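Since the structure is predicted, the reported quantities are computational estimates derived from the model, not experimental observations. In each ligand, atom 1 is the first atom listed, and ligand 1 is the first ligand listed.
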Amino acid sequence: MAFRPTSPALRAKSAPPSSKLWLARHFDDPFVRARHVGADPHTPAFRARSAFKLLDIDDKYRRFLRAPHVRAVVDLGAAPGSWSQVVAGFMGFSDRTRDDPELRAEVAATGTATFGIKESTSVWSDAPEKPPSSRRGIIIAVDRLPMWPIPGVTSLQMDFLTPEASTVIGELLRAHANAEGKADVILSDMAANSTGNKIADTENALDICKAVWSFTRDHLRTAESVGNNRGGVLLIKIFQHPELQAFRKKQLEPHFHSVLYVKPEASRSESSEGYWLCLGFKGP
Ligand SMILES: C[S@@+](CC[C@H](N)C(=O)[O-])C[C@H]1O[C@@H](n2cnc3c(N)ncnc32)[C@H](O)[C@@H]1O
């Protein structure tokens, strides 16, 4: 199956007027245009404009992802994979998926949307058999949706809110990360589907925050173990809401040296989306 984007002209033709407006604005968006920087103008360099949010946050806030000690990263809500692409780039892996004939042949041999998935565990990976730790670290990407592979990224197709998610990710970290078996950075761009009901949407957003925080307590390295008071980083997507602010005050602030609210340039101004960048984990 070819992962080539449908041309904007084709999509706009059959769309109702309101969608046409959205599409016109979408394709006029500098971050959407910037995705197409590769040799082939039809194949975006990044799979989503979200890549620019992460690049922007990392640029503005102390290059927490580019720090040399960062060798284990967990990317929650990773599909279609642009954040994982950014992390893989920083950790020295290049996205050869499009260019490498060998990798393409591998992909073709194992199937299409479901290729490589081990049915028993619902874990699949495009990383070679040798442990990633012997190279430049481990990147674990988790999503309910399948994800086209990215070299250096181990992908898990699972619902993060299920109890086994933490166990499976923890096992991978213990096998392939640093001596402590913990992540240097945890990223969460997870967003629940909107139900149209504000109360239900807030509850769902809060459930995600709580699950990510509980996972963080178990699997994030502390600033002390990194040897840097900004080490042990959590970046989590949130939507502005008083209940979420209370969660930040009670749960996050006491456990990190600093918790910053960040609204990257690539985040649409009309969206209430933002991120908390939590630096320097003090421990659970
Ligand atoms: C905004 S997208 C992430 C985009 C991604 N950061 C990128 O750059 O390509 C949010 C993702 O969160 C995933 N998601 C939401 N709830 C989830 C859950 N409970 N478990 C796993 N993934 C979830 C969705 O499937 C969706 O792919």
Side-chain angles (χ1 to χ4, degrees), residues 3 5 26 29 31-32 34-36 43-58 65 73-91 93 95 97-98 113 117 121-124 126 139-170 172 185-195 200-216 219 233-239 262-268 270-277:
F3 273 62
H26 179 71
D29 180 328
F31 294 104
V32 171
R35 287 172 59 207
H36 298 262
T43 309
F46 290 117
R47 296 170 185 188
R49 71 195 282 292
S50 317
F52 297 97
K53 300 180 193 170
L54 187 58
L55 287 167
D56 186 31
I57 298 172
D58 190 56
L65 263 180
V73 177
V74 177
D75 180 9
L76 302 170
S82 78
W83 281 23
S84 288
Q85 285 180 299
V86 169
V87 178
F90 286 160
M91 286 171 61
F93 298 95
D95 190 347
T97 318
R98 285 177 292 131
I117 295 176
T121 56
S122 76
V123 174
W124 84 99
D126 63 304
I139 303 157
I140 302 169
V142 181
D143 206 291
R144 284 191 298 224
L145 304 175
M147 210 171 95
W148 190 252
I150 299 168
V153 177
T154 300
S155 305
L156 304 172
Q157 186 183 10
M158 55 168 35
D159 184 340
F160 178 71
L161 299 181
T162 56
E164 59 272 21
S166 175
T167 313
V168 174
I169 304 167
L172 279 172
V185 177
I186 296 173
L187 306 170
S188 171
D189 199 18
M190 268 187 298
N193 293 335
S194 168
T195 62
D201 286 349
T202 308
E203 265 167 27
N204 292 339
L206 202 55
D207 283 348
I208 288 181
C209 280
K210 284 179 181 163
V212 172
W213 170 230
S214 157
F215 175 81
T216 299
H219 299 293
V233 175
L234 166 68
L235 177 69
I236 180 170
K237 171 144 87 186
I238 51 121
F239 294 93
V262 184
K263 174 89 177 165
E265 259 179 57
S267 178
R268 298 184 200 276
E270 69 273 22
S271 159
S272 66
E273 159 198 288
Y275 295 85
W276 287 326
L277 177 61

(request) Assess whether side chain to side chain contact (heavy atoms under 4.5 Å, CB included) is satisfied between Leu76 and Ile208, documenting all intermediate values. (result) CA-CA 10 Å; Leu76 302 170; Ile208 288 181; over 6 Å; no
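Taking Trp276 as the reference, nothing meets the side-chain hydrogen bond (donor to acceptor under 3.5 Å, both in side chains) condition, with sequence neighbours excluded. For Ser214, there are no side-chain hydrogen bond (donor to acceptor under 3.5 Å, both in side chains) partners two or more places apart in sequence or in a different chain. Evaluation of the side-chain hydrogen bond (donor to acceptor under 3.5 Å, both in side chains) rule for Thr162 yields no partner, not counting sequence neighbours.
Residues lining ligand 1 at a heavy-atom distance below 4.0 Å are given as Ser50, Gly77, Ala78, Ala79, Pro80, Gly81, Ser82, Trp83, Asp143, Arg144, Leu145, Met158, Asp159, Phe160, Leu161, Asp189, Met190, Ala191, Lys237, ordered by chain and residue number.
Using a 4.0 Å cut-off between a side-chain N of Lys or Arg and a carboxylate O of Asp or Glu, Lys210 and Glu203 do not qualify as a salt bridge.
Note on ring orientation: taking the six-membered ring where Trp is involved, the planes of Trp83 and Tyr275 are tilted (angle from 30° to 60°).
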